[in-house]
*Asks:* 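Handing you this structure, nothing more for now.
Just so we're on the same page: letters track the sequence lines, and every chain starts at 1. Everything numeric here is computed off the predicted structure, so don't read it as measured data.
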Amino acid sequence: MIYGENMDILESLNESQKEAVLATEGPLLIFAGAGSGKTKVITHRIAHLIREKRVPPYKIFAVTFTNKAAGEMKKRISSIIGGSGDDVFVKTFHSASVYILRRFGEQIGIHPNYSIYDTSDQESIVKAILGEMNIDVQKYAKRVISKISEVKDKAELIEGADPYAFLPKEYAVNYAEIYDEYNKRLRAANALDFNDLLIYAVKLLRDSPEVIEALQNKWSYFMIDEYQDTNRAQYMMAKYLAAKSRNICVVGDDDQSIYSWRGADISNILNFEKDYPEAKVVKLETNYRSTSYILDAAYSVVKNNRTRKDKRLNSFRGEGFMPVYCETNNEYGEAEFVVNTIRRLKREENLQYGNFAVFYRTNAQSRLLEDTLRHEAVPYRIIGSVKFYERKEIKDIVSYLRFVVNPCDTASLDRIINNPPRGIGARTVEKLKETAYAEQMSEWEIIDKDINIDGKVNKGLKQFKEIINSLINLYVGVPDKISLADFVEKVITVSTYRKHLEESSKTDSTGKEHDRLENIDEFINSAIEYEERTDNPSLEEFLQEISLLTSEENPENKQAEAVTLMTIHNAKGLEFNTVFLTGLEEGTFPHANSLNSDAQIEEERRLAYVGITRAMDRLYIISADVRRQFHQTVYRQASRFISEIDNELLERTRYTSAGSSSYSDYSESYSPVSGSAKRVSGGAKFSSQYSRGDLVKHPKYGNGKIVNIENSGDDTTLTVSFPGSGMKVFIEKYTPLVRI
DNA sequence: ACCGTCGCCATTTTT
DNA sequence: TGGCGACGGT
């Protein structure tokens with residue numbers, strides 16, 4: 001929809017949506033069911049504040065859960081009211097914290113060049129501590145980290161409660177001691193983890209009259225999205241900020257709370273009316289997204305939860321198609337059923353690949369789906385699996401940058417000191433750490449001052465010192481003398497990282513090393529983009545910003561016309577014409593780890609609810625009798641969520657894959673079973689110099705037979721079956737195939 | 001002492 | 001599948 005300058009902001013809203021938009025003063029709680037136009041209400045409410053109530057845009061503070069949602073919201077506000085929408089403060093809680101700390105952090109000893117530690121940095125710190133304490137690193141590192149996060153999620157540090165009371169007591173592992181040591185090392189490294197960002201921001205708000213006054217004067221209208229997913233610290237941040245104006249509007253849906261494992265506290269939304277007795281409550285109960293069959297199915301699942309406010313969405317749309325439950329023999333059958341159905345619907349119903357989404361509970365499940373789509377030449381994109389900024393090569397470069405900015409950053413130092421290899425081994429690093437500890441200096445000071453750690457001067461360390469020092473000299477000139485992007489380029493060359501990658505890509509036949517080079521160039525692009533869109537760009541800010549980024553938002557989906565694959569968690573807030581919910585088996589979904597607690601089962605059920613309600617027109621729920629996990633084959637029972645759906649709401653079917661348990665078997669004997677999934681190159685609006693059944697030769701795979709020819713976009717693709725290597729798909733115009 | 005290779009291991013969800 | 005530790009070669 002295009003919004004004209006004079007469009008009435010209220011025009012396209014229903015009664016309760018209008019009510020929510022107009023209630024601008026005082027606390028407001030909006031229960032927004034799935035698909036009820038929540039984002040529309042938030043953006044229109046902000047537009048209304050600005051245009052009708054004459055609230056300056058910069059007085060409005062809005063937080064969402066993900067960067068993507070924040071970006072989306074900004075865009076939509078601007079599309080209603082034009083450019084001034086850019087001045088609304090729209091961020092995530094974490095990036096809002098970064099904003100607060102950048103301005104006021106010095107008050108509590110947080111210098112603006114601090115590093116933000118993600119899970120892998122945390123791991124490196126915790127592993128070091130456990131190693132020194134002679135604790136089984138393998139076994140405990142993950143557990144310790146999750147315990148540390150758990151304590152911090154509860155924000156016990158802020159409220160003065162005893163954090164140790166929340167740590168487990170095990171004779172082999174002293175959690176309290178590790179916890180203290182961990183925090184000590186983060187402070188020494190001038191680093192904050194994700195939780196610290198929130199905690200320290202809240203501390204400032206609570207303890208510094210100057211800060212709270214400045215910020216309460218800065219913002220006077222607050223909007224918080226996904227309120228059911230806020231944790232303790234986020235709750236407190238909102239509370240402190242809005243304490244003066246009390247113009248706080250929270251939006252959420254207890255049925256869609258799926259982040260309790262990350263400290264989200266559902267009682268934050270359920271208790272809002274206690275916190276703000278004068279609060280107005282608006283319920284958005286008309287669903288514009290899904291047909292009533294789908295909504296009824298969703299309701300029949302979620303109503304089994306005990307800890308929820310009962311409510312039921314009305315569909316604005318008609319009855320629609322009955323959801324389909326397909327039982328398959330194994331995960332191959334599941335993947336084939338998905339592909340066949342996509343093909344059929346695309347052809348018969350004139351749908352596009354972009355109309356389809358495939359959801360799964362765990363990322364590991366994506367692999368076979370992905371393989372099958374690729375083999376069948378169905379374009380797809382995966383959201384959120386390997387995050388761009390978590391790729392090894394990106395983290396390496398970021399670590400160089402972080403270290404130059406903040407030379408106390410030991411996690412970064414550990415990463416780069418011998419990367420690329422320069423002859424600094426584990427023993428040397430160990431001695432370096434010992435010396436640093438003995439001298440009460442940072443490791444960098446030891447290196448920089450040529451302090452003797454080993455009876456002889458280490459050549460590698462000397463080399464490393466020169467690299468870092470020359471980069472520090474350049475860094476002083478950023479961004480005036482040297483642009484940020486050029487500096488990043490310098491880091492990549494001076495560190496010899498690029499050279500090293502180029503060399504290893506020569507001998508690498510998989511092309512992986514070459515991909516790494518491309519990713520590095522992509523990273524330079526992201527630095528250029530940052531510089532272009534920022535008024536006062538700084539390396540520090542750039543680094544902190546990307547630490548909070550989770551990729552998809554940046555390297556754009558180059559293929560818009562593609563099937564979307566993602567975890568259900570990632571699907572929140574999205575909608576698709578047709579949704580496949582895969583792996584509906586006890587142990588897969590609900591996940592095995594959640595099976596023995598009611599609270600966790602309820603969260604899994606909410607997750608199912610979120611998944612189902614993403615579908616607009618068609619919903620397919622799939623289970624497999626047998627699924628191979630890790631190394632073994634497990635027999636699975638259909639998920640309880642399926643039996644919770646009323647019988648008359650589900651069309652049942654079964655699909656059996658001709659393939660058995662290994663992919664090569666599958667390729668050899670693959671033949672589509674479903675009658676509607678004939679693999680003909682129908683329509684044939686494209687031309688090919690091959691026909692089905694032709695025998696061809698490939699330089700690497702040898703002789704094979706063409707089993708399918710299809711037009712995907714502009715290209716003609718050939719699917720060839722090789723006796724030795726299974727099925728491969730080629731784009732005809734690039735293929736090295738020769739007819740024999 | 002470091003570097004590369006081999007084989008073993010484990011995998012919920014993520015700002 | 002790939003990340004990580006152990007091991008043996010340089």
Side-chain angles (χ1 to χ4, degrees), chain A residues 63-70 91-98 116-120 122-123 127 131 136-139 141-142 145-146 149 152-153 193-198 226 229-231 233-234 257-264 359-368 370-371 383-387 389-392 418-431 454 456 458-460 504 507 510 512 545-553 566-572 583 587-595 600 603-604 606-608 610-611 628-632 663:
Chain A
V63 283
T64 61
F65 203 57
T66 65
N67 294 295
K68 201 164 83 191
K91 288 188 182 286
T92 64
F93 271 108
H94 288 89
S95 58
S97 301
V98 167
I116 298 175
Y117 275 10
D118 68 8
T119 320
S120 73
Q122 288 181 293
E123 229 174 88
K127 279 181 175 168
D136 184 341
V137 173
Q138 285 279 302
K139 195 168 161 197
K142 287 253 158 63
I145 290 171
S146 78
S149 308
K152 291 190 175 185
D153 278 336
D193 63 26
F194 284 133
N195 284 305
D196 290 339
L197 293 174
L198 302 171
E226 308 280 13
D229 284 331
T230 50
N231 67 21
Q234 292 164 334
S257 162
I258 55 175
Y259 284 103
S260 74
W261 52 273
R262 213 174 66 192
F359 299 157
Y360 33 82
R361 175 67 237 270
T362 64
N363 274 310
Q365 288 165 253
S366 74
R367 200 167 73 228
L368 182 73
E370 212 184 327
D371 285 350
I383 306 287
S385 56
V386 188
K387 315 253 161 66
Y389 292 104
E390 282 171 18
R391 282 165 211 252
K392 183 186 174 311
N418 195 35
N419 178 6
R422 47 178 79 88
I424 305 170
R427 186 72 196 110
T428 308
V429 173
E430 198 182 313
K431 280 189 183 146
D454 198 16
K456 58 176 189 282
N458 186 306
K459 214 175 137 202
S504 52
T507 54
T510 64
K512 258 187 200 154
E545 200 171 280
I546 63 177
S547 303
L548 300 177
L549 239 45
T550 52
S551 116
E552 313 104 47
E553 36 244 318
M566 60 178 129
T567 64
I568 308 168
H569 281 89
N570 268 315
K572 193 154 91 159
T588 310
F589 186 22
H591 192 272
N593 294 357
S594 303
L595 253 26
Q600 283 180 296
E603 177 136 324
E604 298 281 313
R606 289 192 292 268
L607 199 53
V610 169
R628 218 168 41 170
Q629 280 186 324
F630 323 133
H631 275 165
Q632 49 184 346
Y663 203 81

*Asks:* Which of the following nucleotides, dT15(B), dT13(B), dC3(B), is nearest to the side chain of T119(A)?
*Replies:* dT15(B)
*Asks:* Can F194(A) be classed as stacking with the base of dT15(B), given a centroid separation cut-off of 5.5 Å and a plane angle cut-off of 30°?
*Replies:* no
*Asks:* Have a look at N418(A) and say if it touches a base, only the backbone sugar-phosphate, or nothing, with a 4.0 Å heavy-atom cut-off.
*Replies:* sugar-phosphate
*Asks:* Rounding to a whole Å, what distance do you find between R367(A):CZ and dT1(C):C1'?
*Replies:* 5 Å
*Asks:* Could you tell me whether the side chain of N418(A) and the main chain of G425(A) form a donor-acceptor pair under 3.5 Å?
*Replies:* no
*Asks:* Should H591(A) be counted as stacked on dT12(B), where stacking needs a ring-centre gap under 5.5 Å and an angle between planes under 30 degrees?
*Replies:* yes
*Asks:* Hey, are K152(A) and D193(A) close enough for a salt bridge, meaning a charged N less than 4.0 Å from a carboxylate O?
*Replies:* yes
*Asks:* Taking the side chain of R427(A) as its heavy atoms from C-beta onward, which of dC4(C), dC2(B), dC3(B) lies nearest to it?
*Replies:* dC2(B)
*Asks:* Within the structure shown, what part of the strands sits under 4.0 Å from F65(A) by heavy-atom distance: base, sugar-phosphate, or nothing?
*Replies:* sugar-phosphate
*Asks:* Can you confirm whether the side chains of Q365(A) and T362(A) place a donor and an acceptor under 3.5 Å from each other?
*Replies:* yes
*Asks:* If you look at every strand shown and take non-hydrogen atoms under 4.0 Å, does I424(A) touch a base, only sugar-phosphate, or nothing?
*Replies:* sugar-phosphate
*Asks:* Donor-acceptor pair under 3.5 Å: do we get one between R361(A)'s side chain and the base of dT13(B)?
*Replies:* yes
*Asks:* Give a yes or no on whether the backbone of K91(A) and the side-chain of S95(A) come within a donor-acceptor separation of less than 3.5 Å.
*Replies:* no
